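Since we're looking at a predicted model, the values are computed, not measured. Just so we're on the same page: letters track the sequence lines, and every chain starts at 1.
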Amino acid sequence: MMDESQTQIDGQPPYVEGLNESQLEAVEATDGPVLVLAGAGTGKTRVLTTRLAHILATGKAFPGQVLAVTFTNKAAQEMKERVAKILNQPSVERWWLGTFHAIAVRMLRAHAEKVGLGSDFAIIDTDDQLRLVKQLLKENNLDDKKWPPKSVLGAIQRWKDRGQTPDHVSASEAKEFAGGRIHGIYKSYQQRLRELNACDFGDLLLHTLVIFQTHADVLADYHRRFHYILVDEYQDTNVAQYLWLRLLAQGHQNVCCVGDDDQSIYGWRGAEVGNILRFEKDFPGAKIVRLERNYRSTGRILAAASSVISHNEGRLGKTLWTDDDDGEMLRVRGLWDGEAEARFVGEEVENLQRNGQKLDQVAVLVRTGAMTREFEERFLTLAIPYRVVGGARFYERLEIRDALAYLRLVNSADDSLAFERSIGKPKRGLGPAALGIVHSYARQAEISLFKAAREIVETDELRPAARKSMATFVSQVERWQGLKNDMPHSELADLVLEESGYLEFWQNDKSVEAKGRVENLRELINALGEYESLAEFLEHVSLVMDTNSQTGQDMVSIMTLHGAKGLEFETVFLPGWEEGLFPNQRAMDEQGLKGLEEERRLAYVGLTRARKRAIISFAANRRMHGSWASAIPSRFVDELPHEHIERESDRGIYSAPLEPSYGGFGSSKWQDNDRGSPGMQRARSYSSGESQLVRKAAQKISESKSGFSRGERVFHQKFGYGLVASVEGERLTISFDKAGSKKVLSNFVVPAEQAGM
DNA sequence: AGCCTTTCCCTTTTT
DNA sequence: GGGAAAGGCT
């Protein structure tokens, strides 16, 4: 409940100061449906937050009566912080403010039994999803070469994104995949999840949606509860989310959706721009507010972004304008290859740094996650501090997922997926054979793997050695569970990892990564202490799957274009503007014009992240999957307005014809280097034909040359102490005590003794 | 069962 | 160029 002193605000509330007319309109039009069409950099987030604060501060509703939904945890976090600040609230954790998934979990826990789940259901990760699908394919004798588990899971997810339970998939569509057999897999997949008392990500929304549709009383309750609904990034809603929202909003109709059709970049995840176009039909009498004044970028940047996006058809059409100066020209630079591009960006960053630019105001926005590596390597050698946003996530690491499996098992012994994962690691003499016996026993008795194991150790089904080992495991798990209520959970986690031998498994491992893994495990145990209970921690992990890495430090950000949505930087580098890479060949092959337009919106998003400076680059050659591919500059380069850009070429790259027979970017099938389809030839790999043996021999020679050897303890001027993991000429891969594993140049490294250790 | 070697596939994008 | 899975050997 709110502090009363904060609810009374006379005259013009201070928090709306400085809002322009349209923004004010969007904030104050509190009753009835409102659609805010907000262009990039128009203060959309501020409007949404202020609107929420305004509803509460004017006493229109209590905090518990407002539902505010965002797409990303980042956006939710930002909104929470801002609202708390505006209204001077110590905590907004209990409010209905969060991502679609976080809100859905909260609702689903309360009504899980209506879809055949317990309220303590587990949320499974992609790993478990795939394992399940693989099992089901095998059981149904479907060839996993012809039906790769990933594609099958993709089909299932697409159905879920569209809000279709197995029963709601149309017969004709079901037939499309393996004559309906994939649809059958979907059915048994859902069945299996239910038996496991588990949900995947898509289920969180799908189940909640089904509950709304089938339990009028539940929906009516939520109607009564939520007087106001706010939605951010409405253009990114998929069908399931759209239906979910529409049902909820039909209560008070006080729904305010904020979005930008030009920034719809999640079509591949089932997002439908159509949802935003349909708003007026769904909510008759809706008020439409347009935010077109851009406060972020210079005139030239805005002109460039507008010019590119104008090549798309079927837009709602907004005309962004700014009072800001024209600013600097945008720069477009062509380079010989990816390495040269990284060198160029590195140099430019150093220039900016010399001119006093803060590095946290610089970002490198790439199309694919794999592109980050080149920049990382370059920044490492130049000692430019950087962070990869949304890259390798802490909770996705192997050792963390393994450890989490143990914790899940302790939290609920019937989590069979966790059982399967924990029992194999560390080795206990219980391999596929033993597990198979437990599996079939469990299937027959219709009980969880853990219960089956407990019963099996009383019989002669397993060989004596396996039986003994299994009995030990079962009693260990039972012991840990018994301790659950008498022990602080981070202590318990420590104990579990210790007693299970999992920690020891990595401590005894001599490989160079092992040390870092042990540290990660310690970090996990520490993180656990911040949560109320084990269950709460596990839920947080499955929903957020991200650690808030060191923020607030002065570092260049490297991230994907998708990851950059909602952010802004003074200077933005946009590398990799090459046909095939960006626009992405696969997107175009699979989605045609629709795919291309989404790529173009991505370009628009990228450009509009920049406040003052945008530097676009492309490379003529790029190494992909170990072989070389050549490409021509992206068509998006040609769509930039000439009067606002400066083209620079590197040794005539931009205008010079590429070497003969180097066509586009290869087909979407990523053929082997020596084949390749006609007209889409790829350059022959420099390394093709080289056997692994030859490569290894070459590696040995270079190891002796660099003066460092594998396993040596060394000191790096920036990252501190570490162990040499591998040596390739001048490049060392070092597993650092503090900074993880990194590739560095050997001249930045000295033997540990010399560093005065 | 477990270890080592070879082969395959991969790179769009994320809650 | 790298990680996972399959395959082969002890």
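- Atom NZ in A/Lys134 sits about 5 Å away from atom P in C/dA5, given to the nearest Å.
- Rounded to an integer number of Å, the gap from A/Tyr242 OH to B/dT15 C1' is 21 Å.
- In this structure, the nucleotide among B/dT14, C/dA5, B/dT15 sitting nearest to the side chain of A/Phe201 is B/dT15.
- Note: A/Tyr186 and A/Trp159 have parallel aromatic rings, judged against thresholds of 30 and 60 degrees for the angle between ring planes.
- Residue A/Gly369 is in sugar-phosphate contact alone, with no base atom involved, counting any heavy-atom pair closer than 4.0 Å across all strands shown.
- Protein atom CD of A/Glu578 is 14 Å distant from nucleotide atom C1' of B/dT11, rounded to whole Å.
- Following rounding to the nearest Å, A/Phe71 (CZ) and B/dT14 (P) show an atom-to-atom distance of 15 Å.
- Of the candidate nucleotides B/dT11, B/dT14, B/dT15, B/dT14 has the atom lying nearest to any side-chain atom of A/His562.
- Paired regions of DNA chain B, where each region holds three or more successive Watson-Crick or G-U pairs whose two hydrogen-bonding distances fall under 3.5 Å, are B:1-10 with C:1-10.
- Closest to the side chain of A/Arg373, from the set C/dA5, C/dG1, B/dT15, is C/dG1.
- A/Phe582 and A/Trp577 have perpendicular rings, their planes meeting at more than 60° on a 0 to 90° scale where under 30° would count as parallel.
- One atom, CZ of A/Phe100, and another, P of B/dT14, lie 18 Å apart when rounded to the nearest Å.
- Shown here are the side chain to side chain contact (heavy atoms under 4.5 Å, CB included) partners of A/Arg421, two or more places apart in sequence or in another chain: A/Asp127, A/Arg131, A/Leu398, A/Arg401, A/Asp402, A/Ala405.
- Between the CZ atom of A/Arg622 and the P atom of B/dC10 there is a distance of 20 Å, given to the nearest Å.
- Between A/Lys150 and B/dT11, a side-chain N or O to OP1/OP2 separation shorter than 4.0 Å is present.
- Although no hydrogens or angles enter the test, the distance criterion places no donor-acceptor pair under 3.5 Å between the side chain of A/Ser264 and the main chain of A/Asp261.
- In this structure, A/His562 and A/Trp268 have perpendicular ring planes: the angle between them is above 60°, well past the 30° mark.
- Counting to the nearest Å, the C1' atom of C/dG2 and the CD atom of A/Glu376 are 15 Å from each other.
- You cannot call A/Tyr266 stacked on the base of B/dT13; the centres under 5.5 Å and planes under 30° rule is not satisfied.
- A donor-acceptor pair under 3.5 Å is absent between the side-chain atoms of A/Asn312 and the main chain of A/Ile309, judged by distance alone.
- For the atom pair CD of A/Glu233 and OG1 of A/Thr99, the computed distance is 13.0 Å after rounding to the nearest 0.5 Å.
- Regarding contacts with the backbone of B/dT14, every side-chain N or O of A/Thr72 stays at 4.0 angstrom or more from both OP1 and OP2.
- Straight-line distance from the NZ atom of A/Lys594 to the C1' atom of B/dT13: 15 Å, rounded to whole Å.
- Residue A/Phe582 is out of contact with every strand shown, counting any heavy-atom pair closer than 4.0 Å.
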